[in-house]
Amino acid sequence: MIIFHIDVNSAYLSWQAAYELENGSNRDLRTLPAIIGGDQTKRHGIVLAKSIPAKKQGIITGESLLEARLKCPGLLVIAPNYQLFAQCSEAMYELLLEYSPHVQRYSVDECFLDYTASQRLFGDPVETAHTIRNRIKEELGFTVNIGISSNKLLAKMGGELKKPDQVHTLFPAEIAAKMWPLPVGDLFMVGRATQKKLQRLNIQTIGELAKNDPSFLRLHFKSYGTLLWQYANGIDDSLVRESNFPAQKGIGNSTTISFDVNDRKEALLVLLSLTEKVGLRMRRKKALGQVVTISIKNFHLEKLSHQRRLTHPCQSTRGLYEVVETLFDEAWTGAPIRHLGVRVSDLTDQPFEQLSLFDTYDREKDATLDATMDKLRKRYGEKILIRGCFPHSGIKSIQGGVAENDDYPIMTSLL
DNA sequence: TCTGGGGTCCTAGGACCC
DNA sequence: TCTGGGGTCCTAGGACCC
């Protein structure tokens, strides 16, 4: 197998930079201490992407804008344009499809491409990778890293080696020289918590992890230990998956509210607007859900979740919201609320909607209402219809979701 | 004006069944 | 009536990814 991993360098920032240049700007954000960041007045102020000059000032993705500005006074902060990002992502995907029908969209800015069968047509993998890298730069205006190997894990690790605008191979024979000297935190699936735990066991590099006894790792990390040992040794047999297989497991939306919510009514209004969005997405995908979960983050940033399995699969906004309301009343301690979320999981396409004698509403009427609202919203925009409870509430009638494009699932932490 | 939003997977403990 | 014990389902929380 020959697998490519294609990864846009500082995606959000590069895309914004390319867009500005194309529209006659004379600055290139990539050459300035600049970041893409959320709106601080809405309490969304974190770093989403950073330029290399910003990185050199010590700025980290995910940190607050306050911290970032402290490290780098005069930092240029640009708001995210998710529509632009979706378009750039799509353009790259289309270009990649010219080289193989087997392309997996791993995230908005990362793809895996199975080059195995393409080799007869396009020849040497490294040469083709350079062609792709150059074409993306010339035709789309942004740079990528491409990692090449015999499986997805190694291709992905290879792509991380040196940035930006690079092609790297990381075949099994190169693991010892290229991957093992790296700090263990650089390994895919080793996050902050695991890195700390590994360090306590005196495991500092990927090589030290690889040479450890797998049963020792299993003792400390359970099934995760086996996975870590395999990854450190470059072992991975997952396939490049096209389309959305396996099916998506859940659909959720959440939001940080720009002010702390102390009032039950107000919290429920936010939850309704989130449920509205979740319901819309469920119906668009023709999915029904069997478990509803709400999540609450309070002003102390303490998180809590509460969930319930339904008696019948459901996709109607009203049906879902009834459960959401109950869950909220059972879970809320009264602490000021910063963030609320609604998620529906255990999805199915089987609407074995047997009529329940205890239904408090008419399911059929409800489905018709949802369908009508969905249609109008699709044609005229989401704001065309607003439930009577929202006007003058200061709360958006439908919210959640960053990108409009909902056609491909983003399968994270799963190769 | 401190710390987003979208996901998946694993584990532990309790309920419940035979 | 002093202690079984395996299996499954459900829920909450925490790890990871981008």
Original post:
When you match A/Ile257 and A/Glu67 each to their closest nucleotide on DNA chain B, which lands nearer the 5' end?
Top reply: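 On the 5' side of the pair lies A/Glu67.
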Looking only at side-chain atoms of [X], point me to the closest of [options].
X	options	result
A/His339	B/dT11, C/dC18, B/dG5	B/dG5
A/Arg338	B/dG4, C/dC16, B/dT8	B/dG4
A/Asn253	C/dA12, B/dT3, B/dG6	B/dG6
A/Arg309	B/dT8, C/dC16, C/dC10	C/dC10
A/Gln307	C/dC17, C/dT11, C/dG13	C/dT11
A/Thr194	C/dA15, C/dA12, B/dG5	C/dA15
A/Ala193	B/dG4, C/dC18, C/dC16	C/dC16
A/Ile46	B/dC2, B/dG4, C/dA12	B/dG4

Subject >> Nucleotide opposite C/dC18 in a Watson-Crick or G-U pair, distances under 3.5 Å >> reply: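 Checking every strand shown, C/dC18 finds its partner in B/dG5, with both distances under 3.5 Å.
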Could you check whether [X] gets within reach of a base, just the sugar-phosphate, or nothing at all, counting any heavy atom under 4.0 Å?
X	answer
A/Gly341	nothing
A/Ser223	sugar-phosphate
A/Lys156	sugar-phosphate
A/Lys196	nothing

**OP:** Could you tell me whether C/dC2 is syn or anti, where syn means a glycosidic angle within 90 degrees of zero?
**Re:**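 What C/dC2 shows is an anti base, its glycosidic angle lying more than 90° from 0.
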Subject >> Exercise: do A/Tyr99 and A/Arg135 side chains pair donor with acceptor under 3.5 Å >> reply: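 Yes, a side-chain donor-acceptor pair sits under 3.5 Å.
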Subject >> Qualifying residue for side-chain hydrogen bond (donor to acceptor under 3.5 Å, both in side chains) with A/Asn253, from A/Arg343, A/Arg281, A/Glu276 >> reply: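 Per the side-chain hydrogen bond (donor to acceptor under 3.5 Å, both in side chains) rule, the option paired with A/Asn253 is A/Arg281, out of A/Arg343, A/Arg281, A/Glu276.
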Original post:
Under a 4.0 Å N-O cut-off, is there an ion pair linking A/Lys286 with A/Asp349?
Top reply: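 No salt bridge links A/Lys286 with A/Asp349.
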**OP:** Calculate the interatomic distance between A/Tyr224 atom OH and B/dC9 atom C1'; express it in whole Å.
**Re:**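 Nearest whole value for this atom pair: 9 Å.
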Original post:
Around atom NZ of A/Lys42, are there more than 12 heavy atoms of other residues, nucleotides or ligands at under 6.0 Å?
Top reply: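 No - once you tally the heavy atoms of other residues, nucleotides and ligands closer than 6.0 Å, there are 12 at most.
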